[in-house]
Amino acid sequence: MPMQPWFTDAKLGIFIHWGIYAVDGVQESWSFYDDIVPYDRYMSQFDRFTASRYDPRDWAELFARAGARYAVLTSRHHDGVALWDTAHGDLNVGRDLIAGYADALREQGLKVGLYYSHSDWSHPDYASTRKPGRPPELEDNRYSEVAAEDEDLDAWERFLAYRDGQIRELTSRYRPDLLWFDGEWDRSEEQWRIPELAALIRSEVPDVVFNARMLSEGDYATPEQGAPVLPPDGPWELCLTINDSWGHQHHDHNHKSVDQLIRYFTETIGGGGNLLLSVGPREDGTIPREQAERLEGLGDWIARHAEAVYGTERGLPPGHHYGPSTLSKDRRTLYLILFDAPRAEINVRGLLGSVRRVTVLGSGTELAHRVTGGLHETPGVLWIEPPTGSDLDPHATVLAVELEGELELYRGAGRF
């Protein structure tokens, strides 16, 4: 399937980890899986999950102000608790918390994404088999696997029927633009029946986008938390927390600053990816003030520099400019991102062709530029007058380098 252009043009998405784990502020699913919290205590949060102040329109308006073009909500995490009134399985919140979310996003012109875990560590038929090739000396986790001699393939078939039933509900009710899968490591592609699952989904939503955790059917790479030093080829997305936690944890106040988020964001889009930035609503459905403020701050910066964000593609490879950059779709304008106030001229190496002019994005101030050096096929270095005063953005300044033609780069080693 060809990649949907809306995804590569989106640049920013919001990841929403919301579930019963927000009540006590424990880690989603893993806290019982790793025996940090007893399973019964984890599930006791169920009756205290109120969603009493949940207003999906408030969410959608905030996400739009942040500059996001899509969002992804955890419809069901590994704990098996569904955020809609599913007819399949025994664990759901007893009402539909997804329909309002999907409607609100579409009112704001945002694409609708849903997270769904292949794994379900609460389902009675899930821990009925094991991944082929798993070394026998590895300890089985009672929530996910059984010993090879205890496998029950009939139970696994019942689990797949349950999973398919939930997927049919999600696709037919909400018609998501993106399905963000997780938990794929627990079984093989053959056990998950990935091609059949993809065909089932596309029978309802033919243009849906899949992340890489749909294995051979995935459309884009999904690095998590660690920003790649070398960006993946093709479309990709960095999923990142604002603090150190995906879901709401009361004790976690280690929030990234707006400056840090702008750096993550610009380095990601400069490498051709999207940033999927996670928020963790409280159990009542409200997004913590510290996280909302950071989304607003990021959105303010994006709004001032939208030309360098939307409608662009990955910029210069490392070595040409000290910082990220993006490139207009017609390849005639290069946007250089400067994190710090420059103390001297800004240089760009390896540009073939001429520069028409350089301006500060936002103010429009034109900056003098010149080229020095160069020999035979090796081009000289472009030097740009540093912006000063009110032309400097408090977070990151962007220079628009307008080229006489399409961008061409010299990637050689020079004359020996």
Find out whether [X] and [Y] are in side-chain contact, i.e. whether some heavy atom of one side chain is under 4.5 Å from a heavy atom of the other.
X: Arg187; Y: Glu145; result: yes
X: Ser119; Y: Tyr143; result: no
X: Leu367; Y: Leu399; result: yes
X: Thr397; Y: Asp391; result: no
X: Leu382; Y: Asn347; result: no
X: Tyr126; Y: Ser144; result: yes
X: Val355; Y: Val348; result: no
X: Ile242; Y: Ser278; result: no

Answer with yes or no after comparing the ring centroid distance for [X] and [Y] against a 6.0 Å cut-off, counting only values under it.
X: His250; Y: His248; answer: yes
X: Tyr174; Y: Trp84; answer: no
X: Tyr39; Y: Tyr42; answer: no
X: Trp121; Y: Tyr33; answer: yes

Straight-line distance of [X] [atom1] to [Y] [atom2], nearest 0.5 Å:
X: Ile20; Y: His77; atom1: CD1; atom2: NE2; result: 11.5 Å
X: Leu277; Y: Cys239; atom1: CG; atom2: SG; result: 10.5 Å
X: Glu290; Y: His253; atom1: CD; atom2: NE2; result: 7.0 Å
X: Lys131; Y: Glu190; atom1: NZ; atom2: CD; result: 12.5 Å
X: Ile287; Y: Trp18; atom1: CD1; atom2: CH2; result: 10.0 Å
X: Leu200; Y: Arg193; atom1: CG; atom2: CZ; result: 12.5 Å

Does the side-chain hydrogen bond (donor to acceptor under 3.5 Å, both in side chains) test come out yes or no for Asn92 and Asp85, once each step is laid out? CA-CA 6 Å; Asn92 70 83; Asp85 50 343; over 6 Å; no
Using atom types as modelled and distance alone, determine if a side-chain donor or acceptor of [X] lies under 3.5 Å from a backbone N or O of [Y].
X: His123; Y: Asp125; result: yes
X: Arg294; Y: Lys256; result: yes
X: Ser188; Y: Gln191; result: yes
X: Asn274; Y: Lys11; result: yes
X: Glu217; Y: Met214; result: no
X: Thr74; Y: Arg76; result: no
X: Ser122; Y: Asp79; result: yes
X: Ser75; Y: Tyr115; result: yes
X: Asp219; Y: Asn211; result: no
X: Asp177; Y: Val112; result: yes

Within residues 53-64 or reaching into it, pairs that qualify as side-chain hydrogen bond (donor to acceptor under 3.5 Å, both in side chains) - sequence neighbours excluded: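 Passing the test, one end in residues 53-64: Arg57-Glu107.
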Between [X] and [Y]: side-chain donor-acceptor atoms closer than 3.5 Å:
X: Gln166; Y: Tyr116; value: yes
X: Asp259; Y: Ser257; value: no
X: Ser216; Y: Glu189; value: yes
X: Asn243; Y: Thr241; value: no
X: Glu283; Y: Thr50; value: yes
X: Trp383; Y: Thr372; value: yes
X: Arg168; Y: Ser172; value: no

For residues 185-214, which residue pairs qualify under ring pair (Phe, Tyr, Trp, His ring centres under 6.0 Å), counting only residues two or more places apart or in two chains?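 Only Trp30-Trp185, His78-Trp185, His118-Trp192, Trp156-Trp192 qualify under ring pair (Phe, Tyr, Trp, His ring centres under 6.0 Å).
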Determine which pairs satisfy ring pair (Phe, Tyr, Trp, His ring centres under 6.0 Å) with at least one residue from residues 297-341, sequence neighbours left out, and list them in order.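 Found Trp301-His305.
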Specify the closest pair of heavy atoms between [X] and [Y], including all atoms of both residues, with the distance to one decimal.
X: Ala221; Y: Ala212; value: CA-CB, 4.1 Å
X: Ser325; Y: Ile337; value: CA-CD1, 3.9 Å
X: Arg332; Y: Gly405; value: NH1-CA, 3.5 Å
X: Pro176; Y: Thr171; value: CD-CA, 3.9 Å
X: Leu12; Y: Gly67; value: CD2-C, 3.9 Å

Does a salt bridge link [X] with [Y], judged by any charged N lying under 4.0 Å from a carboxylate O?
X: Glu404; Y: Arg356; value: no
X: Arg48; Y: Asp24; value: yes
X: Arg130; Y: Asp186; value: no
X: Asp103; Y: Arg173; value: no

Within 6.0 Å of CG in Asp90, more than 12 heavy atoms from elsewhere: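 Count not over threshold, so no.
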Side chain to side chain contact (heavy atoms under 4.5 Å, CB included) between Gln249 and Val26, worked out: CA-CA 6 Å; Gln249 295 193 26; Val26 297; over 6 Å; no
Intermediate values then yes/no, side-chain hydrogen bond (donor to acceptor under 3.5 Å, both in side chains), Ser117 and Asp182: CA-CA 5 Å; Ser117 176; Asp182 199 6; 5.7 Å; no
Walk me through whether Trp246 and Gln225 qualify under side chain to side chain contact (heavy atoms under 4.5 Å, CB included). CA-CA 10 Å; Trp246 295 109; Gln225 291 287 57; 3.7 Å; yes
Kindly determine whether Lys329 and Glu313 satisfy salt bridge (Lys or Arg N to Asp or Glu O under 4.0 Å), including the steps that lead there. CA-CA 6 Å; Lys329 283 289 178 66; Glu313 54 191 47; 5.7 Å; no
Quiz item: cation-pi between Arg213 and Phe181, 6.0 Å / 45°: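 No, a cation-pi geometry is absent between Arg213 and Phe181.
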Could you go through the salt bridge (Lys or Arg N to Asp or Glu O under 4.0 Å) check for Asp9 and Arg69 one step at a time? CA-CA 9 Å; Asp9 288 340; Arg69 297 292 174 89; over 6 Å; no
